[in-house]
Each structure stands twice: as structure tokens, then as C-alpha cells.
Amino acid sequence: MNQPTTWERLRADRDWLGFWFMLPTAAFLLLFLLYPLGLGIWLSFTDARIGTPGKFVGLENYEWIIGDAKFQTAVFFTLLYTLVASVFKFAIGLYLALLLNQNMPFKAMIRAVILIPFIVPTVLSAIAFWWIFDPQFSVVSWSLRQLGWIEGNINFLGDAWNARWSVIFANVWRGVPFIAISLLAGLQTLPPSLYEAATLDGATRWQLFRHVTYPLLTPIIAVVMTFSVLFTFTDFQLIKVLTNGGPAGSTELMATMSYNTAILGSRIGEGAAVSTAMVPFLLAAIMVSWFGLQRRKWQQGEDND
Amino acid sequence: MIDERRFTRRDALKAGAAIAGAGALEAANLAAFAQAWAQASRWKPEKGAKLQLLRWKRFVQSEEDGFMALVAAFTKATGVPVTVLNESLDDVQPKASVAANTGQGPDLFWGLYSLPHLFPSKCLDVTDVADYLGKKYGGWVPSAVTYGKSGKGWIAIPVGYNGNLINYRQSMIEKAGFKAIPQDTAGFMELMKALKAKSVAGGFALGRASGDGNAWVHWCLWAHGANLVDAKDKVILSSPETVKALEYAKELSTHFVPGCAAWNDSFNNKAFLESQVSVTNNGVSIYAAAKANAGKDPKAKEVMDDMNHSLWPVGPAGKPTEFHVAYPMLGMRYTKFPQAAKAFLAFTLEAENYNPWLQAAVAYLTHPLNAYDANPVWTSDPKLSVARDCAKRTLTAGGLGSVGEKAASALADFVILDMFASVCTDRASIKDAIAVAERQARRIYR
């Protein structure tokens, strides 16, 4: 009998079989995730322009953007935008989820309606917000003027801080349904027996929420909020359409800045540096939610490590 | 001389056709001309040639219709099919850059300002086309030479310009005590002040409006003798002239309607059409929109009847410092059909094609060749006449400096626009705003 060759052994081996099955997925991930990420990081160390490969320039791009007042403003606003919008989205989303979890007439329809802001394409909703925030034709300004509460129009997007709060508001509006519906799905998996037991023990509604609902929901909250923070941090369309980063860069996000620099300004290297600078922030956000919120003791009591 | 005569006779014929409302006659003329042209032309398309052209997405429907009629005539005469792709204005440049450097993509690109100068060595040399057209049609305007030429040869044909003009309401400036737009910066300040005090205020975009915003702040900068760079591309922004320009803009902006800092390119159109502003800057598209709706909307008719256009005031610099959009068209060196591409470029600017197209664009486009001053569009409607001189008066992207990649980068980064906006909205002192812009400019122009 012939000795099987190495190849024949690898082909038949059960342990290697798993490897063979993983190979297509691994190739897919390498090609479509790792390669672009690696290329982006590599480009950020070069002085590439659109079409020309560029030379290696070390940390030069990073040194430049760190000293750039516009980049500093963009980082500051990206963090503010993510933090404030996420907090509001979480609070409102959780509240809505709890409400929708109650028994009420037309439940299915109301749940569907809640999803509307999420379904409408971002660019379209941004255009609707144009009309809400328009310096001349804002419906909000108009209504308040009719009521006699204000005299002139509200300068929603023309003032740096007004513009910042306005775009945050638009982002919250858009992001709430995702969180509400995801948390609602989580709420519906909670076992009713726990509530029965707690009620028999005489727990108040607040105690039910604090000691039953919330701990059981944390794994889902962790996942949902991680996604929400990542989406918000990398937001692009809303800002691009509403303000394009104006006035004078006060609503610029790192994502829009990266696009402007790399694609419209054709300085790929510098734009790649701006987007690579987002990675540490994103990693930090993932770490916090996965290692923080997913700890067992949060779910199962203080002394169960 | 012969050309000139044929050109006017042709116009008379066309005017007659328009009055009779006989579009069919015109189409037949165009087809007959096209065939004759193709036979006489020195650029013979390669066998089996076909062209792909990527252009910016139109703003005025009739302009695109006119362009497509021209494309159809070219195909009919030469047998070369031309596919026209439309992309939004912002996307033309990145696509062209990638195509130029990968060596594949559309044969012809029609884009903005400095497009051909981003990759001059990849552009088809069109010196013969430019010389032919220049000789035949009274010469190129100076800015067309700057945009079209790189070194000794031509790398693009600046097919047209889009004039950015002061749009104003006659009744409103009269209410403020003015008959016309003052043609000096001091008088213009008085007008804006009086409008705010006694009539309806005006306003110019301070948001990131790449068209209207860039147009007015560059006018203001140059009108005061300030410049981003000198002729050798050395950054010279930090100067007393820049301070003057910013002081002027800051004072001017106190007379604006509230909210200009939020304006992008379309906000002022809406506000003007609703009579919320008396003076703003724009192409002739507000007028076109008002005209299109005048039949069914009395408000639009009122705007159309009352509004007018003006060129920009001249400042301390002592000469016109306007900044109009230029639209150069270029062929790629990688094209397999260079003769067909050249034939198309030449064909486009021949009077028989260009005149009707220019008319269809109703002054949205201004010609780069002097002979087209005689196009009927400049006399048919006195409110559009001022746009005739836009190509002659405009300065080029980059000001005194080169029109290439650096100028395009500075525009894309809103270096000048953000400097003005941050001063006018009190986000930064004049000194700080200049320092930020100067630092950015040094980086771009290193």
C-alpha cells in the first residue's frame, strides 16, 4: 500500500477540514476589510495624490494635521457630536422601547411608524431638515413668528453653536428608531417569570426596571450602543448635505474632512491620515462597550465574577 | 472676413427661423452643415471610432438639450457615436484624475477650472484645434489661454464660462435711493447699508458654497489688491491688503440678511425668488427659473420683471477682479481615437453648432472666443447682456499664481472662503483667520 502524500493527508484530515471551510471567508475578509484598511494606513504615511502613488514621508502628515486648527476643530466636534447624540439616542430609544413594549392598540402599526426616520434615505431626510433649519423659510421660525414668540428668524445653521446643536438634533432624530427597535427586540426576549417573581416580592416599577430589565438588557445595550457610536462617529451624509462642514468649519466631522482633503482636494495621503486618526477613537469605543458593559457581574450581581 | 460674414448671415437665418417657429428647418440646416463640415475637416475620425464624454450634470435643461443636439449632429456627420455621461460637478475632478492616472475611462472630460492642469502630461495635445478655432473666431480671451495652455501647447479647450453676477431687484434698490449697482466698492457698501436700513437687505453666501461663496470672497480679496500667492506661487496672503479686504467684508456682512453664514449654493436662489433678499450673487439661473415659472406664478413674473444683473464693482485694485467659473473640455492621451476627439472639440465650437447652443444656454454659458460677442443671446434680452463679458473680465483660479493642482486644492479646502466666513461670523479675529489660512496655503503651495 502506498504512503499517502502530505497533500492527501491534509485533504482528508478532519482538523484541516475546518481550515479549508474557513478559507473563502478569510480570503473575503482579507480582500475587502484588511486590504483597504492597510492601504489607508499606508497611504497616510505617504504624500500620495489622486492617481500618483507618492513617496513615504513618515509621520509628516500626522504632524501637519495635529497642528492644523481645522483638524482640531473637527476632532472636537466629532467627539461632541458622537457623545451628545449617543446619549440622547440611548435615552430616547430606551424610553420608546419600554413604551412600545406595553400592550396597546395598533401595536404593530405604531412600531412600524417608529421606524420611518430610519428607513428614509439620509440624504432625503437631510433635505427635509434644510427646510426646518432654513435661514429664511424655516417652518419652526415661521410658526414661532406666527405665535408672536420671536421677531426674526432663528439662525439655525448660520451660527457655529446653533449649527452644531441643529445637526446633532437631526442625527438623534435619525438614529433613535434603530436603538428603539433593537432594544424592543431585546425586551421581548426577557422571561416573564422574573417579573412575576419580582412583583410577588413587592418590587416597585422602578425596581423592576433597575434590577430586572436593565441588567438583563445590558448585553443588547452593549451591542446596540457600540454600533450607534460607530455610526455616529463616522457619520458623513447628514453633514455633507446640511452644512458641508460650514460655517467656517464649525460642523466639520473627521469623515467629511477626510473626504474633502483626499478626494476634492486630491491630497490622498493627508486625507488618509485624517481617517486613520479616527481608528484609535473607534477602537476605544469598542473596548469600552465590550469589556465594560459585558462583564458578568453587571448582569448577575456584584459578587458573581 | 469671409467667416465673419457667413456667421452673421447664418444668424439672420436663424432669427428668421425662430420667429417662424420652424425648428425643423434649423435641424435640417445643422445636419447639412455637419455633413459638409465632416468632409472638409482636417481631423478625420479613425475607423470604427467611438467616443465617451463625461460632463458635469447640467443646471439649465435647455443647455443640455442644445448640447445633445450638437452631439447628435456630430454623430450623424462623422458616424462616430458619442456616449455622454453626466456626473455632479464635484465628482468630475476625482473621476478624471483617476482615469488620467490609470489610463482608462472616458475619452473626453468636461470639468471645472484647473482640471486639465492636474495632469497636463496625460492630456491630448490640442494645439492645432485651438489655433484653428482662435484664427477662425476672432481669438481667445486671455483667461481661456491661461486655462487651456500648458507650456507651449494647448491641453484643453475652454468651451465656456459660467458668469457669476450680481443679481438685484430694481424696485428694492430704488427704494434705497439707488438707480443702479454702484461700480466701486465704496459705493457698493453704501448701497448694501441703505438696503438694510430702508429697503430689503441683500446677502452673499458665507456657508461652504463652492460656487457663489467662492465667487464673491475671491472678488472681494482681489478687489482690494490682496492675493493668496504671487506669480511664482509663493504665499503672500498675510498682507495689509488682505486685512483691508476682510475689514470690508466684515462691514459688508453686517448689512446682510440674517443667516448668510448658513447659505450653500441654492439658499440664495430660494430667498431671492421669494423676494427675501434684494441683492445676491449667482449665475443667471435665478432669472431662468423665474422666467420658466412666470406663466403660472405671478410672484415669479414679478421677480422676472423686476430683477436685473450687474457686473461686480471695481475696488482699490483698479481693475475688474471677478471670478467666474470656467469649463474646460479635454481629451485624454490614452484615447484610442485622438482624431475623433479633436474633431469633436473643433466641431463643438464651430459657429453653426456653438451659436444655437449658446442661445439654448440662455447666458448660463459665456463664450471664450471673441467672435461670439455677436451671438443674439447677448442682445435679445438686455438683462442677460452683461454676461457677455464674463470670460474677458474673469481672473483665473489661483489668482496671480498657476491654475494647477494647488489652486484646485485651495478652492476645495475653502481656504479663502473659510477665512472670510470666520471673520464675518466673529469666530476669529482678522489676524487669526489670516494666520490659519496662511498656514494651510503654505502647506498646499509647498
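Here is the naming used below: chain letters follow the sequence lines, and residue numbers restart at 1 for every chain.
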| field | A:Leu264 side chain near B:Gln93 side chain, heavy-atom distance below 4.5 Å | value | no
| remark: Heavy atoms of B:Ala261 and A:Pro247 approach each other most closely as O-CB, 3.6 Å
| request: Check the surroundings of atom CZ in A:Phe236: do more than 12 heavy atoms from other residues, nucleotides or ligands lie under 6.0 Å from it? | output: yes
| request: Heavy-atom distances under 4.5 Å only: say whether B:Thr425 touches chain A with side chain, backbone, both or neither. | output: side chain
| query | Given that the side chain runs from C-beta out, which part of B:Pro94 has a heavy atom under 4.5 Å from chain A: side chain, backbone, both or neither? | reply | both
| remark: residues 135-151 of chain A vs chain B, non-hydrogen distance cutoff under 4.5 Å, contacting residues -> A:Pro135, A:Gln136, A:Phe137
| message | Counting only non-hydrogen atoms closer than 4.5 Å, does A:Tyr259 touch chain B with its backbone (N, CA, C, O), its side chain (CB onward), both, or neither? | response | side chain
| field | Pair B:Ser409-A:Arg267, side-chain donor/acceptor within less than 3.5 Å | value | yes
| said: Going by the rule side chain to side chain contact (heavy atoms under 4.5 Å, CB included), which residues pair with B:Glu405 if we only count those two or more places apart in sequence or in a different chain? | reply: A:Arg49, A:Ser266, B:Leu118
| Proximal component of A:Asn155, with respect to chain B [non-hydrogen, under 4.5 Å] | side chain
| query | Between A:Trp64 and B:Gln440, is any pair of side-chain heavy atoms under 4.5 Å apart? | reply | yes
| said: I'd like to know if B:Arg443 and A:Asp68 make a salt bridge, using a cut-off of under 4.0 Å between side-chain N and carboxylate O. | reply: no
| Quick check: are there more than 12 heavy atoms from other residues, nucleotides or ligands sitting under 6.0 Å from CZ of A:Phe227? | no
| field | Pairwise side-chain contact, A:Thr73 with B:Arg427, heavy-atom cut-off 4.5 Å (strictly under) | value | yes
| remark: Across all chains, not counting sequence neighbours, the salt bridge (Lys or Arg N to Asp or Glu O under 4.0 Å) partners of B:Lys431 are none
| field | Salt-bridge contact B:Arg446-A:Glu60 (side-chain N to carboxylate O under 4.0 Å) | value | yes
| message | Need one label for B:Asp426: side chain, backbone, both or neither, based on atoms under 4.5 Å from any heavy atom in chain A. | response | neither
| message | What I want to find out is whether A:Lys70 reaches B:Asp413 closely enough, with some N-O distance under 4.0 Å, to be called a salt bridge. | response | no
| said: For a quick test of reading the model, state the closest non-hydrogen atom pair linking A:Asn260 to B:Arg208 and the distance between them. | reply: ND2-NH1, 4.0 Å
| Are side-chain heavy atoms of B:Trp263 and A:Leu157 found at a separation under 4.5 Å? | no
| Inter-chain contacts: residues 159-171 of chain A against chain B, heavy atoms under 4.5 Å | A:Ala160, A:Arg164
| message | Tell me which of these, B:Lys270, B:Gln276, B:Arg439, B:Glu274, has more heavy-atom pairs under 4.5 Å with chain A than the rest. | response | B:Arg439
| message | Taking CZ in A:Phe88 as the centre, count heavy atoms belonging to other residues, nucleotides or ligands within less than 6.0 Å. Is the count above 12? | response | no
